[in-house]
Amino acid sequence: MRISEIFNKKEVVISFEIFPPKPNGDVNKIYNTLDELKILNPDYISVTYGAGGSFINNKTIDLASKVKNEYNIESVAHLTCIKSTKKDIDKILKLLKNNNIENILALRGDVTGNCTCGDFKYASDLISYVKMYNDFNIAGACYPEGHPACITLDEDIRNLKLKVDCGVNNLVSQLFFDNNIFYNFLDKVYSANIDVPIQSGVMPVVNKKQIERIISLCGATFPKKFMKIVDKYEYDAIALRDAGIAYSVEQIIDLVSSGVKGVHIYTMNNPIVAKSIIKNISSIVSCINKRSIDEFGRN
Ligand code: FAD
């Protein structure tokens, strides 16, 4: 099923993000994770693509295929383009189609060093290209605090509008910890006439290493309330995990109660964390989805 159909049926879409095992990693671990995630009944699971991925990077397709064809959960394959040629992308799209995968999160990928080997400069180039196949639902990424390479948020949103106009069906946001940042972003996005469904990205932060990684990769703003938790519990792994989960639950309840169309949970392949979150939000999400069926006859 295409993700856009899920958005048509539901008021709130809940999805998980996982990543493929490292080259010498234990493959069984990811299957155990999927066994646990399946019980939580997500609307879909997305599978990340190695940074600057090349065609050799088929692990994403293998895993997205397992999610879809063996676990019977809708899957989204991430696909980056900065180092790819059109020929590479043709091969990948063929493989995705052969594996019955209908959904792609089309991304540029991070620019590292001299990235002049590919045929695509921006995600929008990839989106226009994939669109020609007419076989896929295409999601794009968006950045509530602005993409790190962009000088202003307004400029980033102008670029986002160009990207959406190339054929994006839905957007998934970068993680953020302050919902007001996301609400301000939505106001600007709607003013720019971007009207595709936007899922908010939420990452439960359960250890200190994760925080350092987030700072180095995307520079998300950490609100005082969040830092208080980290400072207080950073030396107690269980306390920090539980406080991090509680923070995400509170964030998600506020988001869905404010009418946000969906939440994409960055699980970091940790089913225990995903389970705790879903346990705490499932009645709320069901209530919203049920009410929308009653009011608008969605099914
Ligand atoms: P783009 O939309 O191309 O934007 C990149 C930059 O270029 C922005 O600053 C934008 O404002 C600017 N820009 C865009 N179009 C134009 C234009 N026409 N003219 C001038 N400037 C322009 N990375 C991975 O390697 N693997 C993954 O699996 C992965 N998954 C992700 C999932 C999500 C939900 C998110 C939010 C990010 C993910 N990333 C992943 C990271 C992503 O690849 C990087 O953030 C990358 O730097 C930008 O990708 P993009 O698709 O947003 O790029």
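No hydrogens, no waters, no symmetry mates; every other heavy atom, side chains included, goes into these values. Computed from a prediction, not measured in an experiment: that's the story for all the values here. Numbering of ligands and ligand atoms starts at 1, following listing order.
With Thr60, Leu217, Leu107 as candidates, the residue nearest to atom 31 (C) of ligand 1 on a non-hydrogen basis is Leu107. The residue among Tyr49, Phe120, Tyr143 with a heavy atom at the shortest distance from atom 50 (P) of ligand 1 is Tyr143.
Donor-acceptor pairing under 3.5 Å is lacking for the side chains of Asp62 and Ser65. A donor-acceptor contact closer than 3.5 angstrom links the side chains of Asn170 and Asn137.
At a 3.5 angstrom cut-off on N or O pairs, Tyr266 does not count as close to ligand 1. Looking at Glu17 next to ligand 1, no N or O pair under 3.5 Å apart turns up. Distances between N or O atoms of Ser173 and those of ligand 1 include no value under 3.5 Å. Of the polar atoms of Asn159, at least one N or O is found under 3.5 Å from an N or O of ligand 1, judged by distance alone. When only interatomic distances are considered, the shortest N/O to N/O separation between Ala123 and ligand 1 falls below 3.5 Å.
Taking 4.0 Å as the cut-off, Gly109 counts as a neighbour of ligand 1 on heavy-atom distance.
For the side chain to side chain contact (heavy atoms under 4.5 Å, CB included) with Tyr44, the lone residue among Met1, Lys68, Glu17, Glu74 that qualifies is Glu74.
Near Ala141, with a cut-off below 4.0 Å to any heavy atom, the atoms of ligand 1 are 35 (C), 36 (C), 52 (O). With ligand atoms numbered from 1 in the order given, ligand 1 contributes 32 (C) to contacts under 4.0 Å with heavy atoms of Leu105. Every atom of ligand 1 is numbered from 1 in the order shown, and the set under 4.0 Å from a heavy atom of Asp156 is 8 (C), 9 (O), 10 (C), 11 (O). The atoms of ligand 1 that sit less than 4.0 Å from any heavy atom of Thr80 are 24 (C), 25 (O), 26 (N).
Looking at His264 against ligand 1, nothing comes within 4.0 Å, counting heavy atoms. Residue-level proximity to ligand 1 for Thr48 is carried by backbone and side chain together, each with a heavy atom below 4.0 angstrom. Residue-level proximity to ligand 1 for His78 is carried by the side chain, the only part with a heavy atom below 4.0 angstrom.
Applying the ring-ring contact (aromatic ring centres under 6.0 Å, His included) rule to Phe177 yields the partners Phe222, Phe226; only residues at least two apart in sequence or on another chain are considered.
Atom CG of Leu217 sits in a crowded spot, with more than 12 heavy atoms from other residues, nucleotides or ligands closer than 6.0 Å. Applying the 6.0 Å contact sphere to NZ of Lys275 captures no more than 12 heavy atoms from other residues, nucleotides or ligands. Annotation for Glu155: atom CD counts as buried by contact number, over 12 foreign heavy atoms lying within 6.0 Å.
Taking the six-membered ring for Trp and thresholds of 30 and 60 degrees, Tyr133 and Phe136 have ring planes inclined between 30 and 60 degrees apart.
Pairs engaging residues 178-201 under the salt bridge (Lys or Arg N to Asp or Glu O under 4.0 Å) rule: Asp154-Lys188 [sequence neighbours left out].
Nearest heavy-atom pair across His264 and Gln199 is N-NE2, 3.8 Å.
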